[in-house]
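A short worksheet on the structure shown next.
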Amino acid sequence: MRSHYCGQLNETLVDQTVTVCGWVHRRRDHGGVIFLDMRDRDGIAQFVVDPDTVDAFANADRARGEYVLRITGRVRLRPEGTQNPNMPTGMIEVLAKDVEVLNTAATPPFQLDEHGKVGEEVRLKHRYIDLRRPDMIEKLRLRSRISHNVRAFLENQGFLDIETPILTRATPEGARDYLVPSRTHAGSFFALPQSPQLFKQLLMVAGFDRYYQIAKCFRDEDLRADRQPEFTQIDIEASFVEENDIMGITENMIRQLFQEVLSVELSEFPRMTWQEAMDRFGSDKPDLRIPLELTDVDDLMKQVDFKVFSGPASAEDGRVAALKVPGGAKLSRKEIDEYTKFVGIYGAKGLAWIKVNERAKGLEGLQSPIVKFMENIVEELLDRLGAEDGDIIFFGADKTRIVNEAIGALRVKLGADLDLYTQVWAPLWVVDFPMFEADDNGRLSPLHHPFTAPSCSPEELKADPSKALSRAYDMVLNGTELGGGSIRIHNQDMQSTVFEILGIGQEEAQEKFGFLLDALQYGAPPHGGLAFGLDRLVMLMVGAKTIREVIAFPKTQSAACLMTDAPGEVSPDQLKDLNIRLRQKAKPEAVSE
């Protein structure tokens with residue numbers, strides 16, 4: 001029905017006849033001549049309709065915003081003074097000779113160029129309108145380019161694209177499963193996969209030594225800006241590899257992706273151990289664009305007569321960390337109070353601080369409600385931190401986990417609020433993760449998943465599982481975990497040992513993972529892999545604030561689709577087929593006067 005997209009029209013087509021199809025972006029009537037800005041997925045172009053073309057003019061006259069038109073006309077240069085060099089089609093216009101109304105349109109719920117004034121709920125309710133906006137089109141176009149580039153790279157490296165099942169069985173992978181009742185097996189349920197983890201390992205056992213898949217994954221967990229109940233994963237697995245092999249392949253893939261899609265040459269990918277990242281930044285996904293670091297001051301705080309500091313400093317699971325912010329003394333008391341509320345979100349009971357106004361004056365040059373408690377160590381403290389006039393020092397004192405989370409998050413917030421970024425892109429690898437983490441009751445759970453290989457023998461693992469490190473690695477970019485992976489357990493004895501440490505008995509292990517344990521008996525090769533969050537990757541590359549902006553039809557923060565009104569109720573007959581009976585909602589009791 002068309003010869004060109006709107007965005008393809010330019011000076012090379014002058015005097016040629018073209019036909020385009022699209023939507024009326026804007027209509028203007030200038031003294032009897034109608035100007036139509038037509039829009040499609042490739043861009044916007046200007047069309048001129050003269051009264052001389054009677055039928056075309058009549059159709060253009062009744063056209064309104066978002067009407068669907070087909071226009072045929074001759075390309076010409078715009079008159080001098082009306083050209084727009086900032087617009088790809090701004091040097092030309094099309095003199096229409098035929099205008100056909102393919103469909104009318106009701107007035108949209110919001111103007112496409114005024115979406116910023118519209119709430120996200122309205123945009124998601126009418127997502128098909130929201131997706132017409134040029135910036136949304138560009139985001140999804142770039143997402144398509146990213147997927148294409150990833151596929152091309154991996155295919156060139158000998159990886160095979162193999163699909164794995166969506167209907168599988170529930171396995172513990174860290175989040176709640178989405179369950180699907182079975183009609184043919186009453187009382188039994190499928191689960192939607194949180195990842196293709198077990199299947200890709202089975203593909204390695206089967207001999208497909210290089211696998212990849214751009215896979216849909218599902219997790220029923222609390223949502224945030226970079227989480228959705230269904231998301232897309234770039235899943236990669238290979239056999240006969242070690243950590244450096246997988247890290248090298250995927251680093252090269254990301255480098256090429258940024259170069260070809262954004263024309264960005266990423267800097268060196270430094271490697272940092274998990275422990276170093278937690279000590280220096282309070283996070284296992286540190287944003288290295290921000291030149292602020294946490295400094296341990298436990299040894300100094302043990303010497304002060306101030307239990308808020310000396311208590312955590314002396315506790316086995318405690319920490320006192322300082323965060324120096326150059327130039328931060330300009331922060332007002334109101335701003336400091338806001339930061340105090342902020343760290344409270346992470347469990348911090350308060351936020352101590354010292355402003356360094358004039359260090360040469362000693363204690364008199366410091367402003368703080370706590371400095372009187374640390375007169376004996378304050379100079380050594382300032383020396384350790386390299387504090388200078390105009391700086392502010394924040395302190396976190398509590399359990400190590402709380403300090404890391406609270407002061408680590410404060411570091412990121414200060415970086416954004418004070419615009420402390422020193423570079424645009426800051427990638428790194430985080431390695432040597434702990435194998436397990438303990439909850440408040442001391443029960444161990446895997447830091448990644450129970451199929452991650454430890455960096456020690458089964459005997460060493462049993463002897464002290466709390467000290468064991470895993471062969472895991474995460475790629476981090478600008479404080480966001482792009483992807484995580486590990487070398488997997490390929491030995492049945494090691495896998496059984498890990499299950500035993502996790503409190504998963506033989507019977508339970510056989511019930512939940514019997515197919516994997518059986519497979520490991522039949523010559524499973526050493527293997528490992530890595531999975532990238534495609535939505536997060538696209539979010540970073542397009543500069544979006546949430547992954548909802550780079551998913552065509554996302555869910556809300558409450559895991560609902562406003563457009564389709566899902567999830568929704570189903571008929572009694574459907575429930576009967578599935579052998580499910582819903583519990584009746586309790587009716588409110590009548591209140592007597």
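Hydrogens, waters and symmetry mates are skipped; everything else that's a heavy atom, side chains included, is used. All values reported here derive from a predicted model rather than from experimental measurement.
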*Are I393 and L382 close enough that some pair of their side-chain heavy atoms sits under 4.5 Å apart?*
yes
*CG of L192 to CG of D177: how many Å apart, nearest 0.5 Å?*
8.0 Å
*How close do P465 and I501 get, heavy atom to heavy atom, and via which atoms?*
CB-CG2, 3.8 Å
*Charged N to carboxylate O below 4.0 Å: is that the case for D474 and K285?*
no
*Would you give the length of the straight line joining atom CD1 of I354 to atom CE of M374, rounded to the nearest 0.5 angstrom?*
5.0 Å
*Hey, mind stepping through M253 and V150 against side-chain contact (heavy atoms from CB on, under 4.5 Å) and telling me if it holds?*
CA-CA 7 Å; M253 183 185 81; V150 165; 4.0 Å; yes
*Considering residues, nucleotides and ligands other than D464, do more than 12 of their heavy atoms fall under 6.0 Å from its CG?*
yes
*Thinking salt bridges, do K341 and E338 make one under a 4.0 Å N-O criterion?*
yes
_For D299, is there an ion pair with K302 - N to carboxylate O distance below 4.0 angstrom?_
no
*Exceeds 12 heavy-atom contacts within 6.0 angstrom, atom CD of Q157*: yes
_Could you measure the distance from the CG atom of D279 to the CG atom of N404? Nearest 0.5 Å is fine._
7.5 Å
*According to the interplanar angle, ranging from 0 to 90°, do the rings of F269 and W429 count as parallel (below 30°), tilted (30 to 60°) or perpendicular (above 60°)?*
tilted
_Ring-plane angle category for F513 and F499, please: parallel below 30°, perpendicular beyond 60°, tilted otherwise._
parallel
*Heavy-atom pair of closest approach, residues P312 and A397*: CG-C, 3.9 Å
*Are side-chain heavy atoms of L469 and W274 found at a separation under 4.5 Å?*
no
*Taking the six-membered ring of F451 (Phe, Tyr or Trp), confirm whether the NZ or CZ of R488 is under 6.0 Å from its centre and within 45° of its axis.*
no
*Distance-only, no hydrogens or angles: does the S470 side chain make a donor-acceptor pair with backbone N or O of P454 under 3.5 Å?*
no
_Can a donor-acceptor pair be found, under 3.5 Å and without considering hydrogens, that links the side chain of R143 to the backbone of V538?_
no
*Is the closest basic N to carboxylate O distance between R401 and D317 below 4.0 Å?*
no
*Would you check if F309 and V297 make a side-chain contact, meaning some heavy-atom pair closer than 4.5 Å?*
no
*asked:* Tell me whether K399 at atom NZ has more than 12 heavy atoms from other residues, nucleotides or ligands lying less than 6.0 Å away.
replied: no
*Are any side-chain N or O atoms of D209 and backbone N or O atoms of S239, one a donor and one an acceptor, separated by less than 3.5 Å?*
no
*Determine, stepwise, if the pair V356 / L366 fulfils side-chain contact (heavy atoms from CB on, under 4.5 Å).*
CA-CA 5 Å; V356 184; L366 305 179; 4.1 Å; yes
_Do L418 and L331 make a side-chain contact, defined as non-hydrogen atoms from C-beta onward lying under 4.5 Å apart?_
yes
*Would you say R411 and F394 make side-chain contact, with heavy atoms under 4.5 Å?*
no
*Would you check, one step at a time, whether the test side-chain contact (heavy atoms from CB on, under 4.5 Å) holds for H490 with M204?*
CA-CA 10 Å; H490 70 282; M204 297 302 106; over 6 Å; no
_Using a strict threshold of under 4.0 Å (side-chain N to carboxylate O), is an ion pair present between K512 and E508?_
yes
*Would you call D383 and R359 a salt bridge, taking side-chain N to carboxylate O under 4.0 Å as the test?*
yes
*Name the one of F436, F433, Y473 that satisfies ring-ring contact (aromatic ring centres under 6.0 Å, His included) with H448?*
F433
_R536 side-chain N/O to E481 backbone N/O, donor-acceptor pair under 3.5 Å_ = yes
*Smallest separation among heavy atoms of E437 and P446, with atom names*: OE2-O, 4.2 Å
*Can you find a pair of side-chain heavy atoms, one from D432 and one from Q275, that are under 4.5 Å apart?*
no
_Closest non-hydrogen atom pair, I551 against P554_ = O-CD, 3.4 Å
*Less than 4.5 Å apart, any side-chain heavy atom of P458 and any of N491?*
no
*asked:* For the CG atom of L203 and the CD atom of E237, what is their distance to the nearest 0.5 Å?
replied: 9.0 Å
_Donor-acceptor check, side chain of R255 to backbone of L266, threshold 3.5 angstrom: yes or no?_
yes
_Here's a test for you: under side chain to side chain donor-acceptor pair (under 3.5 Å), which of K200, Q213, Q197 qualifies with T164?_
Q213
*Measure the spacing between CZ of F153 and CG of L257 and express it to the nearest 0.5 Å.*
10.0 Å
*asked:* When you measure from the side chain of K555 to the backbone of E230, do you find a donor-acceptor pair of N or O atoms at a distance under 3.5 Å?
replied: no
_With heavy-atom distances below 4.5 Å as the criterion, would you say the side chains of E549 and R123 are in contact?_
yes
*Decide, yes or no, whether a salt bridge links E138 with R141 under the criterion of side-chain N to carboxylate O below 4.0 Å.*
yes
*So how far is it from R176 CZ to E221 CD, rounded to the nearest 0.5 Å?*
9.0 Å
_Least distance between heavy atoms, T232 atom then D535 atom_ = N-OD2, 2.9 Å
*Do you know which two heavy atoms are closest between L414 and L292, and how far apart they sit?*
CB-CD1, 4.3 Å
*E380 (side chain) donor-acceptor with I377 (main chain) under 3.5 angstrom*: no
*Hey, are K330 and E335 close enough for a salt bridge, meaning a charged N less than 4.0 Å from a carboxylate O?*
no
*asked:* Has T452 got a side-chain atom pairing as donor or acceptor with H449's backbone, closer than 3.5 angstrom?
replied: yes
*Aromatic ring proximity, centroids under 6.0 angstrom, Y339 and W353*: no
*asked:* Strictly distance-based, threshold 3.5 Å: is any side-chain N or O of R384 a donor or acceptor partner for the main-chain N or O of D296?
replied: yes
_For a ring pair (Phe, Tyr, Trp, His ring centres under 6.0 Å) check, start with the C-alpha distance between F373 and F306, then their side-chain angles and the critical distance, and finish with the verdict._
CA-CA 6 Å; F373 299 111; F306 187 41; 4.3 Å; yes
*Starting from the C-alpha separation in whole Å, work towards a yes-or-no answer on side-chain contact (heavy atoms from CB on, under 4.5 Å) for I234 and L537.*
CA-CA 10 Å; I234 304 170; L537 178 60; 4.3 Å; yes
_Looking at D298 and V320, would you say the former's side chain and the latter's main chain have a donor-acceptor pair under 3.5 Å?_
yes
*Using a distance-only test with no angle check, is there a side-chain donor-acceptor pair under 3.5 angstrom linking D235 and Q233?*
yes
